[in-house]
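Heavy-atom basis, side chains included; hydrogens, waters and symmetry copies ignored.
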Amino acid sequence: MPSIPHPFPKPDFSDTATAFAAKTDAQVEKAFWLFRAMNMPWLTGPGSAVLNWALKMHLPVQGIIKSTVFEQFCGGETIEECEKAVNNIGSRGVGTILDFSAEGEKTEAAFDAIAAETLATIERAAKSEYIPFGVFKLSGLARFALLEKMQSGASLSADERTEFARAEARVERICGRAEELGIRILIDGEETWIQDVIDNLCYRMMQLFNQDRCIVYNTFQMYRTESLQNLKTAAAQAKAGGYYFGAKPVRGAYMEKERARAARLGYADPIQPDKPASDRDYDAALLFCLDNIDRISLCAGTHNEASCMLLVNEMERRKIAPNDKRIYFSQLYGMSDNISFNLAKAGFNVAKYLPYGPVALVMPYLIRRANENTSVAGQSSREFQLIAKERWRRKKARA
């Protein structure tokens with residue numbers, strides 16, 4: 001086990017010089033104006049709709065998108081184009097999670113192509129000290145409607161059973177290759193009406209590939225009322241089954257969609273009643289994972305400074321070294337750099353999700369980021385204030 005430093009390092013999340021050291025003055029200036037625009041909900045919502053329409057009409061807007069929101073939140077259109085970002089943040093102690101962010105595909109050929117691309121990210125990770133994880137979404141490897149039908153309990157046709165077997169084979173191929181190369185693999189959380197299918201498949205992969213170490217991680221969206229208990233139950237099953245358990249708690253990304261569907265179909269809202277309830281369960285999930293750190297590996301996906309400090313303080317209290325490989329912090333590329341880079345400076349393990357792919361394919365991801373920065377209380381304002389603070393600091397330093 002790594003040695004415990006004394007005094008135990010504490011990150012300073014207000015340190016913008018460290019947070020934005022990876023950005024040039026020009027990049028800071030561009031980020032300033034981008035987050036300023038995102039701070040205006042009257043602009044962001046209509047703007048997203050217009051961009052989507054323009055792409056569908058094949059209007060020449062991809063260059064504008066690529067030089068603005070795409071550049072802020074994505075690494076490039078290919079793995080090769082991501083190299084600059086990977087090396088830039090890696091040289092400052094922050095790892096990368098290459099995330100091929102194609103969504104909404106419906107054909108077997110597309111699913112095979114996404115599986116091949118995911119395997120390519122794992123092969124690339126095996127050759128880099130800067131890429132500790134791979135990641136995929138099950139809905140990128142299988143038809144969403146099929147997953148929804150499976151979870152509903154409806155009988156599948158013979159063709160549908162064959163279709164899901166192909167999807168399961170893709171997942172097993174990805175997880176198996178990750179295990180061979182020693183690369184951890186995150187399976188993303190999705191909508192509640194397909195999440196049970198994802199969970200069941202994920203736990204089968206854990207049984208296969210987490211026998212000697214933690215390779216496969218499941219994602220737990222803690223804004224769901226059931227997630228904390230689901231985490232505890234799944235971890236207990238892993239312990240009883242003799243395999244290691246990987247947990248990635250996040251707060252979640254589908255709140256508006258979840259509530260709207262529950263209201264429309266007349267079932268109980270699966271989302272926490274308020275943000276304090278989500279925060280409570282998120283922090284409880286962190287503590288539960290630390291209570292069982294001998295069998296659980298934790299990737300704490302959070303942009304919340306208080307949750308990050310809770311984990312830091314608990315690691316100190318429990319005498320867990322900052323660089324213990326069982327514990328990672330994770331944020332999205334282009335967001336919360338004050339958390340990521342200051343944690344890394346203090347010696348903690350950090351990895352950024354780095355989405356990539358053709359601009360048109362990653363538009364759903366980019367729109368979620370724009371809407372998240374606008375709708376999540378304080379998110380856009382906080383990002384803007386931090387970049388504004390750094391912009392002013394640099395101007396004073398040049399004066």
Trainee: Of all the heavy-atom pairs spanning Asp283 and Ser307, show the shortest one and how long it is.
Mentor: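 Distance-wise, the nearest heavy atoms are OD1-OG, 2.7 Å.
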Trainee: Would you tell me whether Ser340 and Lys352 have side-chain atoms, one donor and one acceptor, within less than 3.5 Å of each other?
Mentor: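 Yes, side-chain donor-acceptor contact under 3.5 Å.
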Trainee: Check the angle between the aromatic planes of Phe245 and Phe220 and answer parallel, tilted or perpendicular using the 30° and 60° thresholds.
Mentor: tilted
Trainee: Check the side chains of Lys23 and Asn88 for a donor-acceptor pair under 3.5 angstrom, ignoring hydrogens and angles.
Mentor: no
Trainee: A cation-pi test, strictly: NZ or CZ of Arg251 under 6.0 Å from the centre of the six-membered ring of Tyr282 and no more than 45 degrees from its axis. Yes or no?
Mentor: yes
Trainee: Does Ile97 reach the side chain of Ser330, with side-chain heavy atoms less than 4.5 Å apart?
Mentor: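 When only atoms from C-beta onward are counted, Ser330 and Ile97 do touch, with a gap below 4.5 Å.
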Trainee: Using 4.0 Å as the upper bound for N to carboxylate O, is an ion pair formed by Arg224 and Asp281?
Mentor: no
Trainee: Going by an N to O cut-off under 4.0 Å, is there a salt bridge joining Arg170 and Glu117?
Mentor: no
Trainee: I need the minimum non-hydrogen distance between Leu386 and Phe13, along with the two atoms involved.
Mentor: CD2-O, 4.4 Å
Trainee: Is the closest basic N to carboxylate O distance between Glu123 and Lys127 below 4.0 Å?
Mentor: no
Trainee: Do Arg177 and Glu172 sit within salt-bridge range, that is, some charged N less than 4.0 Å from a carboxylate O?
Mentor: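 No, Arg177 and Glu172 are not salt-bridged.
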Trainee: Using the rule given for side-chain contact (heavy atoms from CB on, under 4.5 Å), can you reason through Phe136 versus Ile174, listing the C-alpha separation, both sets of side-chain angles and the distance that settles it, and then say yes or no?
Mentor: CA-CA 9 Å; Phe136 66 88; Ile174 291 167; 3.9 Å; yes
Trainee: Could you see if Ile185 belongs to whatever hydrophobic cluster contains Ile296? Use Ile, Leu, Val, Met, Phe, Trp, Tyr and a side-chain cutoff under 4.5 Å.
Mentor: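 As far as the 4.5 Å side-chain criterion goes, Ile296 and Ile185 are connected within one cluster.
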Trainee: Go through Asn210 and Met205 one step at a time and tell me if the side-chain contact (heavy atoms from CB on, under 4.5 Å) criterion holds.
Mentor: CA-CA 8 Å; Asn210 285 12; Met205 294 304 107; over 6 Å; no
Trainee: So does Lys84 have more than 12 non-hydrogen atoms from other groups sitting under 6.0 Å from NZ?
Mentor: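 No, the 6.0 Å shell around NZ holds no more than 12 heavy atoms from other groups.
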Trainee: Check for a donor-acceptor pair, side chain of Gln272 on one end and backbone N or O of Met222 on the other, with a separation under 3.5 Å.
Mentor: yes
Trainee: Are any of the side-chain nitrogens in Asp25 or Arg398 under 4.0 Å away from the carboxylate oxygens of its partner?
Mentor: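 Salt bridge present between Asp25 and Arg398.
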Trainee: Closer than 3.5 angstrom, by distance alone: can the side chain of Asp274 be matched with the main-chain N or O of Ala277 as a donor-acceptor pair?
Mentor: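 Flag set: sc Asp274 to bb Ala277 pair under 3.5 Å.
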Trainee: Below 4.0 angstrom, N of the basic side chain to O of the carboxylate: do Arg166 and Asp112 qualify?
Mentor: no
Trainee: Do Asn342 side-chain atoms and Asp12 backbone N/O form a donor-acceptor pair below 3.5 Å?
Mentor: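 Pair found, side chain donor or acceptor close to backbone of Asp12.
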Trainee: Report yes or no: does Asp324 contribute a side-chain atom to a donor-acceptor pair with the main-chain N or O of Ile320 at less than 3.5 Å?
Mentor: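 A pair under 3.5 Å: no.
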Trainee: Run through Asp188, Val135, Ile187 and flag the one making a side chain to side chain contact (heavy atoms under 4.5 Å, CB included) with Lys248.
Mentor: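 With Lys248 as partner, Asp188, Val135, Ile187 yield a single side chain to side chain contact (heavy atoms under 4.5 Å, CB included), made by Asp188.
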Trainee: Identify whether the distance between the nearest side-chain nitrogen and carboxylate oxygen of Glu83 and Arg124 falls below 4.0 Å.
Mentor: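 A salt bridge is present here (some side-chain N lies under 4.0 Å from a carboxylate O).
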Trainee: In the structure I gave you, are the side-chain heavy atoms of Gln229 and Glu226 within less than 4.5 Å of one another anywhere?
Mentor: no
Trainee: Can you tell me if Glu71 uses its side chain to pair, donor with acceptor, with the backbone of Thr68 under 3.5 Å?
Mentor: no
Trainee: Heavy-atom count check: over 12 atoms from other residues, nucleotides or ligands less than 6.0 Å from Lys239 NZ?
Mentor: no
Trainee: Within the distance-only criterion (no hydrogens, no angle test), does the side chain of Glu105 pair as donor or acceptor with the backbone N or O of Phe111 below 3.5 angstrom?
Mentor: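 Checking the backbone N and O of Phe111 against the side chain of Glu105, no donor-acceptor pair under 3.5 Å is found.
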Trainee: Compare all side-chain heavy atoms of Ile183 with those of Phe133 and state whether any distance is below 4.5 angstrom.
Mentor: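 No. Closest side-chain heavy atoms not under 4.5 Å.
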Trainee: Checking the side chain of Asp99 only, and the main-chain atoms of Pro355 only, is there a donor and an acceptor separated by less than 3.5 Å?
Mentor: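 No: the side chain of Asp99 does not pair with the backbone of Pro355.
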Trainee: One thing to verify: whether Arg143 and Glu108 come together as a salt bridge, which I'm taking to mean a side-chain N less than 4.0 angstrom from a carboxylate O.
Mentor: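 No, no charged N to carboxylate O under 4.0 Å.
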Trainee: Does any N or O in the side chain of His303 come within less than 3.5 Å of the main-chain N or O of Leu332, such that one atom is a donor and the other an acceptor?
Mentor: yes
Trainee: Mind listing the closest non-hydrogen atom pair of Leu298 and Pro249 along with its distance?
Mentor: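 The pair with the smallest heavy-atom distance is CD1-CD, 3.4 Å.
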Trainee: Are Tyr333 and Phe73 an aromatic pair by the rule of ring centers under 6.0 Å?
Mentor: no
Trainee: Is the closest side-chain donor-acceptor distance between Tyr203 and Asn218 under 3.5 Å?
Mentor: yes
Trainee: Is the charged tip of Arg92 near the ring of Phe341: under 6.0 Å from the six-membered ring centre and within 45° of its axis?
Mentor: no
Trainee: Decide if the gap between the ring center of Phe348 and the ring center of Phe329 is smaller than 6.0 angstrom.
Mentor: yes
Trainee: Does the Gln72 side chain pair with the main chain of Gly334, one donor and one acceptor, at a distance under 3.5 Å?
Mentor: yes
Trainee: Main chain of Glu190, side chain of Gln221: is a donor-acceptor contact present, judged purely on distance under 3.5 Å?
Mentor: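 Confirmed, Gln221 side chain pairs with Glu190 backbone.
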Trainee: Side-chain contact, heavy-atom cut-off 4.5 Å: Phe70 with Glu77?
Mentor: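 Counting from C-beta outward, Phe70 and Glu77 do come under 4.5 Å.
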Trainee: Verify salt bridge (charged side-chain N to carboxylate O under 4.0 Å, His left out) between Glu168 and Arg204, making sure each step is shown before the conclusion.
Mentor: CA-CA 10 Å; Glu168 190 171 24; Arg204 289 205 294 277; 2.6 Å; yes
Trainee: Taking the side chain as every heavy atom from C-beta outward, state whether Tyr353 and Leu98 have any atom pair closer than 4.5 Å.
Mentor: no
Trainee: Run the salt-bridge test on Arg318 and Asp291 with the 4.0 Å N-O cut-off and return the result as yes or no.
Mentor: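 A salt bridge links Arg318 with Asp291.
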Trainee: When you compare the side chain of Arg326 with that of Cys214, does any pair of heavy atoms fall below 4.5 Å?
Mentor: no
